[in-house]
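Reviewing the structure listed below.
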Amino acid sequence: MSDFNTNVIEEFRTNEGRVGGPFAGAPIVLVHHRGRKTGKESVAPMMYLPHESDSDVVYVFASKGGAPENPAWYHNLVAAGHATVERGTETYDVNVRELTGAERDQRYAEQAGLYPGFADYAVKTAGIRTIPVLELTRS
């Protein structure tokens, strides 16, 4: 997966935030986070859902392709409470907030409606885990 991510990151930076392949046409953000155990900085490409009226807010989904466990970046972001993102040609700091309850369900349903793969991920994780949704707000 890291070679795949490296290629997506390079393509994102070369094309002002746009990528092809399985993410063609999808909104992508690069999230910089620091390992809570290792202290190592990493960058993870993620699809995001923009807030409908606030351009400083995006939502990311810790789907991990429907795997039974949450991705490491999710734990790192929640523990830190902040991160840096690259979105298009901009780089900026964000505050991280995990959505819960109806608020989480609404945002996840929006994403699954736009990108049916996310509905598939929810089916794969049913009874195992609820896929977390994080709100990233420009700080």
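The analysis underlying the following values was restricted to heavy atoms, covering all of them including side chains, and did not include hydrogens, waters or symmetry mates.
- In this structure, the side chains of Glu11 and Arg13 stay at 4.5 Å or more apart for every pair of heavy atoms.
- Between the CZ atom of Arg87 and the OH atom of Tyr48 there is a distance of 4.0 Å, given to the nearest 0.5 Å.
- Residues Thr84 and Asp93 bring a donor and an acceptor atom of their side chains to less than 3.5 Å of each other.
- Criterion: ILVMFWY side-chain heavy atoms under 4.5 Å apart, direct or through other members. Under it, Trp73 and Phe23 are not part of a common hydrophobic cluster.
- With hydrogens and angles disregarded, no donor-acceptor distance shorter than 3.5 Å links the side chain of Asn15 to the backbone of Gly17.
- In terms of hydrophobic clustering, with Ile, Leu, Val, Met, Phe, Trp and Tyr side chains grouped at heavy-atom distances under 4.5 Å, Leu136 and Val78 are assigned to a common cluster.
- Rounded to the nearest 0.5 Å, atoms CD (Glu86) and CD (Glu90) are 11.0 Å apart.
- With values rounded to the nearest 0.5 angstrom, Leu134 atom CG is found 12.5 Å from Asn95 atom CG.
- Using the six-membered ring where Trp is involved, Tyr108 and Phe118 have ring planes that are perpendicular, over 60° apart on the 30 and 60° scheme.
- Taking 4.0 Å as the cut-off between side-chain N and carboxylate O, Arg129 and Glu69 do not count as a salt-bridged pair.
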Would Leu77 and Val31 count as a side chain to side chain contact (heavy atoms under 4.5 Å, CB included) if you check the C-alpha gap in whole Å, the side-chain angles of each, and the deciding distance to 0.1 Å? CA-CA 9 Å; Leu77 291 176; Val31 179; 3.9 Å; yes

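- Between the side chain of Asn76 and the backbone N or O of Arg36, at least one donor-acceptor pair lies under 3.5 Å.
- Residues Ile128 and Lys124 approach most closely at CD1-O, 3.7 Å, considering heavy atoms.
- Phe61 has its side chain out of reach of Met47: every pair of non-hydrogen atoms, C-beta onward, lies at least 4.5 Å apart.
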Please assess Arg104 against Glu135 for the test salt bridge (charged side-chain N to carboxylate O under 4.0 Å, His left out), listing each intermediate value before the final yes or no. CA-CA 10 Å; Arg104 177 256 169 228; Glu135 178 183 82; over 6 Å; no

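- Inter-residue side-chain proximity for Arg97 and Glu103 is flagged as met; some heavy-atom pair is nearer than 4.5 Å.
- The shortest side-chain heavy-atom distance between Thr125 and Pro68 does not fall under the 4.5 Å cut-off.
- Here the CD1 atom belonging to Ile131 is positioned 8.5 Å from the CG atom belonging to Asn70, to the nearest 0.5 angstrom.
- For the residue pair Glu98 and Tyr74, a side-chain donor N or O sits within less than 3.5 Å of a side-chain acceptor on the partner.
- Val96 and Tyr92 fall within a single hydrophobic cluster, where Ile, Leu, Val, Met, Phe, Trp and Tyr side chains are chained together by heavy-atom contacts under 4.5 Å.
- Proximity of Val85 to Thr91: side-chain heavy atoms (C-beta onward) are nowhere separated by under 4.5 Å.
- Counting heavy atoms from C-beta outward, Val60 and Val29 have side chains that approach closer than 4.5 Å.
- Here the straight-line distance linking atom OH of Tyr59 with atom CE of Met46 works out to 16.0 Å at 0.5 Å rounding.
- Val58 places none of its side-chain heavy atoms less than 4.5 Å from the side chain of Leu49.
- With no hydrogens or angles considered, a side-chain donor-acceptor pair links Glu41 and His32 at under 3.5 Å.
- What you find for Ala119 and Ala112 is that their closest heavy atoms are N-CB, 3.7 Å.
- Put simply, the side chain of Phe4 reaches to within 4.5 Å of the side chain of Pro22, judged on heavy atoms.
- Closest approach of Pro27 and Tyr115 over heavy atoms only: CD-OH, 3.0 Å.
- Going from atom OG of Ser42 over to atom CD1 of Ile9 covers 9.0 Å, rounded to the nearest 0.5 Å.
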